[in-house]
Amino acid sequence: MNENLLQIQGLVVQFGGICAVNHLNLSINRSEIIGLIGPNGAGKTTAFNVITGIVKPASGNLFFLEQEITGKPTPVIARKGIARTFQNIRLYDDLTVIENVMVAAHCAISYSFPEAIIGFGRFGKDERRIKSRARDLLELMGLAHLGGEKANSLPYGSQRKLEIARALALEPKLLLLDEPVAGMNPTETSEFGEFVLKLRKDMSLGIGLIEHDMSFVMHVCDRIKVIDHGVEIAWGVPHEIRNNEKVIKAYLGEG
Ligand code: ATP
């Protein structure tokens, strides 16, 4: 059994009168790809927002590597090893591709403010290490040749890959992807699926993903949790989920 990374127990999130997430349990292990799926408004992004400290839960507990992270601030959670991408791409448009990755890698710096101003000691060493790591990540994502381009000049699929390179710069153990193939064509989606599987294999990452593209989800995920109106309606391996009547009804409606 692989090491447990994330454990969510009895998570409840309220927005005024709306219960967006209702007693959700979820666990993600190292080297495991877990899908979180459900119709629009099911509470999927809200669950990711709680894991990454953007939204505070009404109740429930979250543990990462057996340490409680419930309600902790986003930077603390990121430093513990959880990185994510967003449904709507969030890049620094005016920075270059490599600078976007380097900004994230600076979270791991060890030099002091005076050293940074004067530019000696650990500063120079860390800057070289960060730049070299950023180049490696761009290489991994097939973006190395675009390092000097402005982020906003990249085609959509490449911007999505750049977001992932930036998330990986944080050296996470758990990567959360919110609708990673939205807007990609079938060829890009299929290539991206192979890339996610390679990432898991090469880096032993745990990966949690939200996605509406069912063939992508069924291809890459080891297990899938389905929620509707914040409540779990199914949990299992892809072929169990594909044939589950509650899941089919939730997606297609009672009719
Ligand atoms: P989609 O697949 O459409 O992205 P989702 O499953 O990610 O949907 P959420 O975005 O988590 O769903 O939303 C769950 C519910 O919580 C919805 O009813 C949504 O309107 C509500 N909600 C989400 N964020 C907020 C917020 N900040 N304030 C108020 N209500 C919110």
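- Closest approach of Ala167 and Ala83 over heavy atoms only: O-CB, 3.4 Å.
- Note on Leu205 and Leu5: separate hydrophobic clusters, where clusters join Ile, Leu, Val, Met, Phe, Trp and Tyr whose side-chain heavy atoms are under 4.5 Å apart, directly or indirectly.
- The side chain to side chain contact (heavy atoms under 4.5 Å, CB included) check on Asp213 picks up Val181, Thr189, Glu211, Ser215, Phe216, with sequence neighbours excluded.
- The shortest non-hydrogen separation linking Pro57 to Thr70 is CG-CG2, 3.9 Å.
- More than 12 heavy atoms of other residues, nucleotides or ligands lie within 6.0 Å of NZ in Lys56, so this atom counts as buried by the packing criterion.
- Counting heavy atoms from C-beta on, the side chains of Met218 and Ile241 come closer than 4.5 Å.
- A salt bridge does not link Lys173 with Glu3: none of the charged nitrogens is closer than 4.0 Å to a carboxylate oxygen.
- To the nearest 0.5 Å, atom CE of residue Met102 and atom CZ of residue Arg135 are 8.5 Å apart.
- A side-chain donor-acceptor contact under 3.5 Å links Glu32 to the backbone of Asn29.
- Using a 4.5 Å cut-off on side-chain heavy atoms (C-beta onward), His23 and Asn25 make no contact.
- Looking only at side-chain heavy atoms (C-beta outward), Tyr156 and Ile89 come within less than 4.5 Å of each other.
- Distance alone, capped at 3.5 Å, places no donor-acceptor pair between the Asn100 side chain and the Leu91 backbone.
- The local environment of CG in Asn88 is sparse, with at most 12 non-hydrogen atoms from other residues, nucleotides or ligands closer than 6.0 Å.
- Linking Ile, Leu, Val, Met, Phe, Trp and Tyr residues whenever their side-chain heavy atoms come within less than 4.5 Å leaves Ile28 and Ile37 in two separate clusters.
- Under the 4.5 Å side-chain criterion, counting only non-hydrogen atoms from C-beta, Leu11 is in contact with Leu62.
- Between Leu65 and Lys80 there is no side-chain heavy-atom pair separated by less than 4.5 Å.
- Rounding to the nearest 0.5 Å gives a distance of 13.5 Å between CZ of Phe64 and NZ of Lys72.
- For the residue pair Trp235 and Glu240, the shortest heavy atom distance occurs at O-OE1, 4.5 Å.
- Considering only heavy atoms from C-beta on, Leu197 comes within 4.5 Å of Ile33 through its side chain.
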Show, in sequence, the C-alpha distance, side-chain angles and deciding distance for Ile69 and Val76, and conclude whether the side chain to side chain contact (heavy atoms under 4.5 Å, CB included) test is met. CA-CA 9 Å; Ile69 55 163; Val76 172; over 6 Å; no
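- Atom CZ of Arg84 sits about 11.5 Å away from atom CZ of Arg166, to the nearest 0.5 Å.
- How far CD1 of Ile82 is from CZ of Phe48: 10.5 Å, rounded to the nearest 0.5 Å.
- Thr45 and Gln87 share a side-chain donor-acceptor pair at under 3.5 Å.
- The shortest heavy-atom contact between Arg223 and Ser27 is NH2-O, 4.1 Å.
- Placement of Ile227 and Val247 in two distinct hydrophobic clusters is found when ILVMFWY residues are connected by side-chain heavy-atom separations under 4.5 Å, directly or transitively.
- Note on Lys44 versus Asp228: no salt bridge recorded, every NZ/NE/NH1/NH2 to OD/OE distance being 4.0 Å or above.
- Residues Leu168 and Leu146 share a hydrophobic cluster, clusters being chains of Ile/Leu/Val/Met/Phe/Trp/Tyr side chains in contact below 4.5 Å.
- Listed for the Thr74 side chain is a donor-acceptor partner under 3.5 Å among the backbone atoms of Thr52.
- Of the options Leu176, Ile34, Val220, Leu36, a side chain to side chain contact (heavy atoms under 4.5 Å, CB included) to Leu209 is made by Val220 and by none of the others.
- Counting heavy atoms from C-beta outward, Val12 and Cys19 have side chains that approach closer than 4.5 Å.
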Where do Asn49 and Val13 land on the side chain to side chain contact (heavy atoms under 4.5 Å, CB included) test, with the steps shown first? CA-CA 10 Å; Asn49 286 343; Val13 184; over 6 Å; no
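- Cluster annotation: Leu154 is connected to Phe192 through the hydrophobic network of ILVMFWY side chains, with a link wherever side-chain heavy atoms come within less than 4.5 Å.
- With contacts defined as side-chain heavy-atom distances shorter than 4.5 Å, the pair Phe63/Ile8 does not qualify.
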Step by step, work out the side chain to side chain contact (heavy atoms under 4.5 Å, CB included) result for Asp222 and Val237. CA-CA 6 Å; Asp222 299 309; Val237 296; over 6 Å; no
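- Inspection of the Ser31 and Arg200 side chains reveals no N or O donor paired with an N or O acceptor under 3.5 Å.
- Lys225 has a carboxylate O that lies under 4.0 Å from a charged side-chain N of Glu232, or vice versa, which qualifies the two as a salt bridge.
- Scanning both residues, Gly38 and Val226, for their nearest heavy atoms gives CA-CG1, 4.4 Å.
- For the residue pair Glu194 / His219, a side-chain donor-acceptor distance below 3.5 Å is found, with atom types taken as modelled.
- Here the straight-line distance linking atom CZ of Phe86 with atom CD1 of Ile54 works out to 4.0 Å at 0.5 Å rounding.
- Nearest heavy atoms, Leu6 versus Ile51: CD2-CD1, 3.8 Å.
- Taken from CD1 in Ile224 to CE in Met214, the straight-line distance is 7.5 Å, to the nearest 0.5 Å.
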Evaluate the side-chain hydrogen bond (donor to acceptor under 3.5 Å, both in side chains) criterion for residues Asn61 and Glu68: first the C-alpha distance (whole Å), next the side-chain angles of each, then the deciding distance (0.1 Å), finally the verdict. CA-CA 7 Å; Asn61 300 88; Glu68 177 129 34; 2.8 Å; yes
Worked check of side chain to side chain contact (heavy atoms under 4.5 Å, CB included) between Val21 and Gln14: CA-CA 7 Å; Val21 178; Gln14 294 276 152; over 6 Å; no
